[in-house]
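Only this structure's heavy atoms are used, side chains among them; waters, hydrogens and symmetry mates stay out. Given the structure is predicted, the values throughout are model-derived calculations rather than measurements. Reminder, nothing fancy here: chain letters follow the sequence lines and each chain counts from 1.
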Amino acid sequence: MNKALKTLQDRGFIKECTNMDALSALMDKESVTFYVGADPTGKSLHIGHMVPFFAMHHLQLAGHNPIALVGGGTAMIGDPSGKTEVRKMLTPEEVASNCASIKEQLGTVVDFSETPPAGVGKAVMLNNADWLTNLNYIDFLREIGRHFSVNRMLTFESYKARLERGLSFIEFNYQLLQSYDFLTLYREHGCRLQIGGDDQWGNIVAGIDLIRKTESAECYGLTFNLIARSDGQKMGKSEKGAVFLDPELYTPYDFYQYWRNVNDEDVIRFLKLFTFLSLEEIATYEQEGVNINDAKARLAYEQTKIIHGVEEAEKAKAAALAMFGSASAGIENREGMNFLEVERSELEAGIPVLTLFARTDLASTNSDARRLVNGGGAWVGETKITDPKAMIDLSYLDEVGEILLRAGKKRYFRIMVR
RNA sequence: GGAGAGGUUCCCGAGUGGCUAAAGGGGGCAGACUGUAAAUCUGCUGGUUAUACCUUCGAAGGUUCGAAUCCUUCUCUCUCCA
């Protein structure tokens, strides 16, 4: 098998391939241009979206040329694959602004530089709005539409859920558009391979068929395992909602903590998928007698480094050590922690605990804070708060002149005095 | 166009005039147990200047001492027929 493909397989990416032998041979022979699509349905990608892009990273290093396709056009339609609900329609403005921020985020794992290092593939980013938005309906139907069999489309597994609940024509068209994307990329960029999540299988195969019919050319598809946590929860979801890459939506500290707390069974798998550590190095964490917490810390650090950079990763790691490490680890390492500044005068007068907690991420409202106190999970410094009416004043400042709030055992929030 | 079913709190889903801030489950938060894990058990889970008050059951009106529950109009979804 081709080395790059072998890498993906060894790291646990691959689910299915349309023709593994032929693709392998092609990749041995030449640099293959390949693409992954990402729909800009939100302001930020979350980690569940990233699997194909990590795969893209590995293929690029092996000298193949990635195309990251932002679906500025298809996002206007909505992919019904594997979904049970109709997706909310986005305005053109929302789509455009989402595209812009997503471009930036993909840069963390894929090298889009003009002149990549020797041996590394050249990556580009395209937006299918460029060729989709001005399509002429009649022309499109005559050129593309005639190659699609409705009978066949209806048998696709990916539509099954929707056929039970209703599928509107606009969404039914999604597959044609995605196929047309592949065709366009083949024609204009010589793209021979589409990779994507397992839910994209139907759409990918449809694109390959279209290219075969219109261009008499053979292209390939490769899908990846949909990443689920061992507890069955969807990847990328957390207590706080989706684990976004945007630091505004999901702070680097929380991001680090998310990975730090993955299930035991998931650690090795995630190290392979979501970090660039060599398989040999990852193997050392599988050995007998290795503390699994070290593996989790490594996973959290590496992943945070990739997405948010070394600096943020160090800060998050230091903050985590300070909070969860030995008691003497020091209180200096709070940098990565979320914080709030309050006026000194305010603190002199005293702030009701409930109000203070409600102003942090620890509680959303006063009522929420009250629940926390009543449940015995509210801490100010080393003091457990049991009275909802308690006032927090200067006497609670610790030796560095700050207040450390805590909800439960793991959630900390730093109060700084201005 | 015609007929029917339906829109309930984060999600699913009970609820057909007062005892309903609304059963149950999921999810989430907290407590116990731990390893910053999982599983398990317990409590909580609309808001507020909090033993009371305010806002919620697609939207707007109406009936009533009192409505998520009844009536009217509107709106959206689904199913069947043409």
Subject >> Trace of the ring-ring contact (aromatic ring centres under 6.0 Å, His included) decision for Phe357(A) with Phe413(A) >> reply: CA-CA 9 Å; Phe357(A) 268 87; Phe413(A) 206 95; 9.2 Å; no
**OP:** Could you give me the CA-CA distance, side-chain angles and deciding distance for Phe34(A) and His64(A), then say whether ring-ring contact (aromatic ring centres under 6.0 Å, His included) is met?
**Re:** CA-CA 8 Å; Phe34(A) 65 101; His64(A) 302 286; 7.0 Å; no
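Applying the Watson-Crick and G-U wobble criteria (two distances, each under 3.5 Å), G24(B) pairs with C12(B). Within the shown strands, C29(B) is the pairing partner of G43(B) under the Watson-Crick or G-U definition, both distances less than 3.5 Å. Across all strands shown, the partner of A59(B) is U73(B), judged by Watson-Crick or G-U wobble contacts whose two distances both fall under 3.5 Å. For U79(B), the paired nucleotide is A3(B), the pair qualifying as Watson-Crick or G-U wobble because both relevant distances are below 3.5 Å. The base-pairing partner of U49(B), taking Watson-Crick or G-U wobble contacts with both distances under 3.5 Å, does not exist among the strands shown.
Atom pair Phe169(A):CZ and U77(B):C1' shows a separation of 20 Å (rounding to whole Å applied). Distance, Asp361(A) CG to G28(B) P: 18 Å, rounded to whole Å. For the pair Lys384(A) NZ and A30(B) P, the computed distance is 13 Å after rounding to whole Å. Summarising the geometry, the separation between CG on Asn261(A) and C1' on A37(B) is reported as 7 Å, rounded to the nearest angstrom. Rounded to an integer number of Å, the gap from CG of Leu354(A) to C1' of C44(B) is 15 Å. In this structure, CD1 of Ile351(A) is placed 15 Å from P of U49(B), rounded to the nearest angstrom. One interatomic measurement links the two molecules: CD of Glu265(A) to P of A37(B), which rounds to 13 Å at whole-angstrom precision. Taking atom CG on Asn263(A) and atom C1' on U34(B), their separation rounds to 14 Å, with Å as the unit.
Annotation: A30(B) and A21(B) have their P atoms spaced 29 Å apart (nearest Å). Distance noted for atom C1' between A68(B) and G17(B): 11 Å (whole Å). Straight-line distance between the C1' atoms of C74(B) and C53(B): roughly 33 Å, to the nearest whole Å. For C78(B) and G27(B), the C1' atoms lie 27 Å apart once the distance is rounded to whole Å. When the P atom is compared between U72(B) and U63(B), the two are found 15 Å apart, to the nearest whole Å. Remark: the separation of the C1' atoms in U64(B) and G58(B) is 23 Å, to the nearest Å. Comparing U69(B) with A59(B), their P atoms are spaced 11 Å from each other, to the whole Å. Taking atom P on both nucleotides, A82(B) is separated from C70(B) by 32 Å, rounded to a whole Å.
A salt bridge is defined here as a Lys NZ or Arg NE, NH1 or NH2 lying under 4.0 Å from an Asp or Glu carboxylate O, and Asp139(A) with Arg142(A) fails to meet this definition.
Shown here are the side chain to side chain contact (heavy atoms under 4.5 Å, CB included) partners of Thr365(A), two or more places apart in sequence or in another chain: Ser367(A), Asp368(A).
Taking the six-membered ring where the residue is Trp, Phe274(A) and Phe270(A) present perpendicular rings, their angle passing 60° and hence far from 30°. A perpendicular orientation is assigned to the rings of Phe224(A) and Phe13(A), their planes being inclined by more than 60° (bins at 30° and 60°).
Other residues, nucleotides and ligands contribute over 12 non-hydrogen atoms within 6.0 Å of the CZ atom of Arg418(A).
With no hydrogens or angles considered, a side-chain donor-acceptor pair links Gln178(A) and Gln194(A) at under 3.5 Å.
When the side-chain nitrogen and oxygen atoms of Lys410(A) are compared with OP1 and OP2 of C29(B), none of them lie within a distance under 4.0 Å.
Separation of atoms CD (Gln303(A)) and CG (Leu277(A)) is listed at 10.5 Å; rounding is to 0.5 Å. Separation of atoms SG (Cys99(A)) and CG (Asn127(A)) is listed at 4.5 Å; rounding is to 0.5 Å. Between the CD1 atom in Ile392(A) and the OG1 atom in Thr355(A) there is a gap of 10.0 Å [rounded to 0.5 Å].
Nearest-nucleotide mapping onto RNA chain B: of Gly408(A) and Ile292(A), the residue sitting toward the 5' end is Gly408(A).
Within a heavy-atom distance below 4.0 Å of RNA chain B, no residue of residues 385-393 of chain A is found. Applying a 4.0 Å cut-off to non-hydrogen atoms, the residues of residues 362-381 of chain A that approach RNA chain B are Thr365(A), Asn366(A), Ser367(A), Arg370(A), Arg371(A), Leu372(A), Gly375(A), Gly376(A), Gly377(A), listed by residue number.
Of the candidate nucleotides C33(B), C29(B), G35(B), C29(B) has the atom lying nearest to any side-chain atom of Arg411(A).
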